[in-house]
Amino acid sequence: MPGDVLGELKWRGLVHQVTDPQLGERLKKESLAVYCGFDPSADSLHLGNLMGLINLARFQKAGHKAIAIAGGGTGFIGDPSGKSAERSLLTAEQLDANCRGIQEVISRIFRNAGAGEARLINNADWLCKLSLIEFLRDTGKHFTVNHMVAKDSVKSRMDDREHGISFTEFSYMLLQAYDFWHLFKTFGCRMQIGGSDQWGNITAGCDLIRRRIFVDTIQAASKSRSVLPHELAEKAEKAAKVIENYTSNQIDKVLKEGITQGEFKVVAAFSQPAYGLTWPLLVRSDGKKFGKTEDGAVWLSAHRTSPYALYQYFINVPDADAGTMLRWFTELPQAEIEALEARHAAEPAKREAQRALARELTRLVHGEDETRKAEQAAAALFGGGAKDGDAGLAGLDEATLLELVKEAPNGPLAKARLNGEGALFIDLMAESGLWKSKGEAKRAIQQGGANLNNVRVSDLGKKVNSGELLHGKYLVLRKGKKEYFLFKAE
RNA sequence: GGGCAGGUGGCCGAGCGGUCAAAGGCAACAGACUGUAAAUCUGUCGACGAAAGUCUACGGGGGUUCAAAUCCCUCCCUGCCCA
């Protein structure tokens, strides 16, 4: 017996729209297959995609079956939802590599979430085989352009005369609808979840499924009569609507219009074949886009965003958002989150909520080991030593030092330059790239924003010689409070 | 195709012959205060230079002038109006 996922999603503030108010009841009684799609526009997923993954995992843990789709087929087209301009197309090789990349992320996070294995499918498997004629005839027939034009994703681009929307992207929604239909047919998938921008695509899928079922189930009946399947389907759909309203004389009326009682029963059984659920757009109270920093997206793969950087992203979440994000992204129970919030409100400086958030999320994305390292690094860099002077870095052994600055960008430095008097610190600053020019480096020194081995440098003519190398090899440059660069003398 | 209005630093936007590396705002960066917050305050914000200063920059190219972001020519681009 499945758990009450929908109820859980509700208290977590993650239900924006559902296609059917009865969905919650059904989810409690029956195990359904649920899917969510992921766009292979890069070789990894970012925080913006994490919600889909976590929610899929929640469904699976509640006793449903999760299906994650990599959009290897739809990626050829590009989803116009939420995009203001036409996207550039990716090559088949890129898409293929990207799909493999995101599949790695998906299975890793599923494992870390304790949700077991995710069923991973690439929609290129069926979309690329689809013939145009077949598609237009069997799928396109079920949509009117009038209706498609009214969908938000298309409408906003139609109103924007500068960018417009190509026929390619306009057709996107039909492909996603087809995906849902395909999954329904082959895996009995009955539900699709996504962000609120996916609502139009999801309902298109639900509509397609309902309409095609009508066609398929009554096709046999239509053969014995001289009625075209889609005509019968229209009647069936009317019947389905009537069922929802339950007026007996209306049912009689529909029956008289040429649908048999047997067919009516089939229709009734399928009147609610597929469901959709969306969660709200995730926004931060400070107006920043969730999951974005000045440097771009926060990624879920270590080669793009280090575990430490991911940890830091959540540590730095504004107070006002910490509780909300704990609800969204962690599996902590309601009571525990509320307790954390209470403690956080009492002593905000301790950042208990952010710490819990950062810890849970780093663990979910990168696992226990990486989380511990990120926590240690944070403690060493911000735990007091960094502020009070050199004790922090110079006292560390080499392995720990390297672990700390592993995240930082680094570069080689010719050892010879540090002989005798040594090299001008300003030059090293500019070379590191942390400061863009010598002028900028100079200003940083004047303003007190330049540190060597965690000691503030205030002398413009400061020279560095080999005596200042940590462990005979390293120089750690710090800009402001948070940015580091490591020179390795060779 | 014709008419008009424009193109200035990451963005918005003033300047309309010298005092312009270019007002003001936003963003960004650093410092102080804090909690690795927020708010606030201070400073910085083209390159090189310790500095004086030098160089490169106001859509591209060419010109006038002692002097051009500012005037002229030309090309490119954008918006609006007419066809």
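Per chain, numbering begins at 1; letters A, B, ... match sequence-line order.
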Checklist entry - What's the CD-P distance between A:Gln312 and B:rA37, to the nearest Å? => result 10 Å

Checklist entry - When rounded to the nearest Å, what value does the distance between P atoms of B:rG15 and B:rU64 take? => result 29 Å

Next on the checklist: Taking B:rC80 as the reference, what is the distance to B:rC71 when you measure between their C1' atoms (whole Å, please)?
Outcome noted: 27 Å

Item to check | Nearest-nucleotide pick for A:Ala378, side chain only, options being B:rC29, B:rU36, B:rA37 | outcome: B:rU36

Checklist entry - Taking NZ, NE, NH1 and NH2 as the nitrogens, is one of them in A:Glu431 or A:Arg417 under 4.0 Å from a carboxylate oxygen of the other? => result yes

Checklist entry - Below 3.5 Å, does any donor atom in the side chain of A:Lys350 face an acceptor in the base of B:rU36, or the other way round? => result no

Checklist entry - Is A:Lys373 paired with A:Asp369 through a side-chain N to carboxylate O contact shorter than 4.0 Å? => result no

Checklist entry - Is it true that A:Asp43 and A:Arg304 make a salt bridge, defined as a side-chain N closer than 4.0 Å to a carboxylate O? => result yes

Checklist entry - Under 4.0 Å: is that the gap between some side-chain N or O of A:Arg355 and OP1 or OP2 of B:rA37? => result no

Checklist entry - Does A:Glu490 CD have over 12 foreign heavy atoms under 6.0 Å away? => result yes

Checklist entry - Have A:Lys442 and A:Ser437 got a donor and an acceptor in their side chains that come within less than 3.5 Å? => result no

Item to check | Spacing of A:Asn454 atom CG relative to B:rU36 atom P, expressed in whole Å | outcome: 14 Å

Item to check | Electrostatic pair A:Arg363-A:Glu360, nearest N-O below 4.0 angstrom | outcome: yes

Next on the checklist: What's the gap between B:rA68 and B:rG60 when it is taken at their P atoms, as a whole Å value?
Outcome noted: 16 Å

Next on the checklist: Let me spell it out: for each of A:Trp435 and A:His344, pick the nucleotide of RNA chain B with the closest heavy atom. Which residue's pick is nearer the 5' end?
Outcome noted: A:Trp435

Checklist entry - With rounding to whole Å, what would you report as the distance between B:rC12 and B:rG17 at their P atoms? => result 25 Å

Item to check | A:Arg343 with A:Glu338: basic N within carboxylate O range, under 4.0 Å | outcome: no

Checklist entry - Given the C1' atoms of B:rG49 and B:rU74, what is the spacing between them in whole Å? => result 39 Å

Checklist outcome for this item: Atom CD of A:Gln354 and atom P of B:rA38 are separated, to the nearest Å, by 11 Å

Next on the checklist: For the C1' atoms, the ones on B:rA5 and on B:rA21, what distance do you get once it is rounded to whole angstrom?
Outcome noted: 28 Å

Item to check | Between C1' of B:rU36 and OH of A:Tyr313, the distance in whole Å | outcome: 15 Å

Checklist entry - Below 4.0 angstrom, N of the basic side chain to O of the carboxylate: do A:Arg327 and A:Glu8 qualify? => result no

Next on the checklist: Over 60° means perpendicular and under 30° means parallel, so tell me whether A:Phe487 and A:Phe485 are parallel, tilted or perpendicular.
Outcome noted: perpendicular

Next on the checklist: Strictly below 4.0 Å, N to O, side chains only: are A:Arg355 and A:Glu375 in salt-bridge contact?
Outcome noted: no

Checklist entry - How close or far is atom C1' of B:rA50 from atom CG of A:Asp427, stated in whole angstroms? => result 14 Å

Next on the checklist: If the threshold is 4.0 Å, N to carboxylate O, is there a salt bridge linking A:Glu368 and A:Arg372?
Outcome noted: no

Item to check | Within residues 359-368 of chain A, residues whose heavy atoms come under 4.0 Å of RNA chain B | outcome: none

Item to check | Separation of atom NZ in A:Lys442 from atom C1' in B:rG49, rounded to whole Å | outcome: 7 Å

Checklist entry - To the nearest Å, how far apart are A:Lys479 NZ and B:rA30 P? => result 5 Å

Next on the checklist: Please give the stem ranges for RNA chain B, sorted by first residue number, where a stem is three or more consecutive Watson-Crick or G-U pairs and both donor-acceptor distances are under 3.5 Å.
Outcome noted: B:1-7 with B:76-82, B:10-12 with B:24-26, B:28-32 with B:40-44, B:46-48 with B:53-55, B:59-63 with B:71-75

Checklist entry - To the nearest Å, how far apart are A:Asp459 CG and B:rA50 P? => result 12 Å

Item to check | Euclidean distance for P, B:rG3 against B:rU8 (whole angstrom) | outcome: 24 Å

Next on the checklist: Say we look at B:rU54 and B:rG6: how far apart would their P atoms be, to the nearest angstrom?
Outcome noted: 35 Å

Item to check | Criterion side-chain hydrogen bond (donor to acceptor under 3.5 Å, both in side chains) against A:His344, the qualifying member of A:Gln354, A:Lys350, A:Arg351, A:Glu352 | outcome: A:Gln354

Next on the checklist: Using heavy-atom distances to pick each residue's nearest nucleotide on RNA chain B, tell me which of A:Gln446 and A:Lys482 is more 5'.
Outcome noted: A:Lys482

Checklist entry - What is the minimum heavy-atom distance between A:Ile193 and A:Gly52, and which atoms define it? => result CD1-O, 4.4 Å

Checklist outcome for this item: A correct 5'-to-3' footprint of nucleotides 41-48 of chain B, with B, S and - meaning base, sugar-phosphate only and no protein heavy atom under 4.0 Å, is --BSS-SS

